[in-house]
Chemist: 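One structure coming up, written as C-alpha cells, with questions to follow.
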Amino acid sequence: FAKERPQELAAYSVSDAVATYYLYQKYIHDFIFALCTIIPYNPDDVLRKGSGTLCESLLMDQAFTANVVFPNKHVDPLLEFHEGTNRMIEQSTYEGARVECMR
C-alpha cells in the first residue's frame, strides 16, 4: 500500500495524528493537570507512574496533611552470596539438611 499510494497513506497518517491530538486536548490534557492538583507529582510523572503508585502517593499526602503516621515502604532484603564460591544464594535452606536421590 505504501509503495502504490504513498500520498494517500500520508494523508491518512496526518488525519489520524490530528484526530489523536484533538482527542488528547478534549479528554486527557485537563484530566492530567487535575490529577496534578491532588497528587504531588508533575504532569510527566503522573503520565509515567502506574495507578498503584499514584494512589499510594495520594494516600501518603493525605496522611501527612492529617498528621497520620504511616509505615515505611517494604524494602526487599539484600542479595546473599555463598562465602566459599561467591555465588548468589537464590533460596536459603536449612543447615544440616539431607538430600537423597530417588531412583
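Numbers here simply count residues along the sequence, with the first being 1.
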Chemist: What ring pair (Phe, Tyr, Trp, His ring centres under 6.0 Å) pairs are there with at least one residue in residues 31-62, not counting sequence neighbours?
Modeler: His29-Phe33

Chemist: State which residues pass side-chain contact (heavy atoms from CB on, under 4.5 Å) with Phe70; sequence neighbours excluded, sorted by chain then number.
Modeler: Met60, Ala63

Chemist: Got a second to check how far Thr85's OG1 is from Glu83's CD, nearest 0.5 Å?
Modeler: 10.0 Å

Chemist: Can you get from Ile38 to Leu54 by hopping between Ile, Leu, Val, Met, Phe, Trp and Tyr side chains that sit under 4.5 Å apart?
Modeler: yes

Chemist: Tell me whether Tyr21 at atom OH has more than 12 heavy atoms from other residues, nucleotides or ligands lying less than 6.0 Å away.
Modeler: no

Chemist: Please find the pair of heavy atoms, one from Ser57 and one from Pro40, that lie closest to each other, and give the distance.
Modeler: O-CD, 4.2 Å

Chemist: Out of curiosity, does Val18 fall in the hydrophobic cluster containing Tyr24 (side-chain heavy atoms, cut-off under 4.5 Å, transitive links)?
Modeler: no

Chemist: Would you find a donor on one side and an acceptor on the other, under 3.5 Å apart, between the side chain of Thr65 and the backbone of Asp61?
Modeler: yes

Chemist: On a heavy-atom basis, which atom in Cys36 and which in Asn42 lie closest, and how many Å separate them?
Modeler: SG-C, 3.8 Å

Chemist: If Ile, Leu, Val, Met, Phe, Trp and Tyr residues are connected whenever their side-chain heavy atoms lie under 4.5 Å apart, and connections chain through other members, are Phe64 and Leu58 in the same group?
Modeler: no

Chemist: Answer with yes or no whether the hydrophobic clustering places Leu35 together with Leu47; edges join I, L, V, M, F, W, Y residues whose side-chain heavy atoms lie under 4.5 Å apart.
Modeler: yes

Chemist: Report whether Ile39 and Val68 are members of the same hydrophobic cluster (ILVMFWY, side-chain heavy atoms less than 4.5 Å apart, transitive linking).
Modeler: no

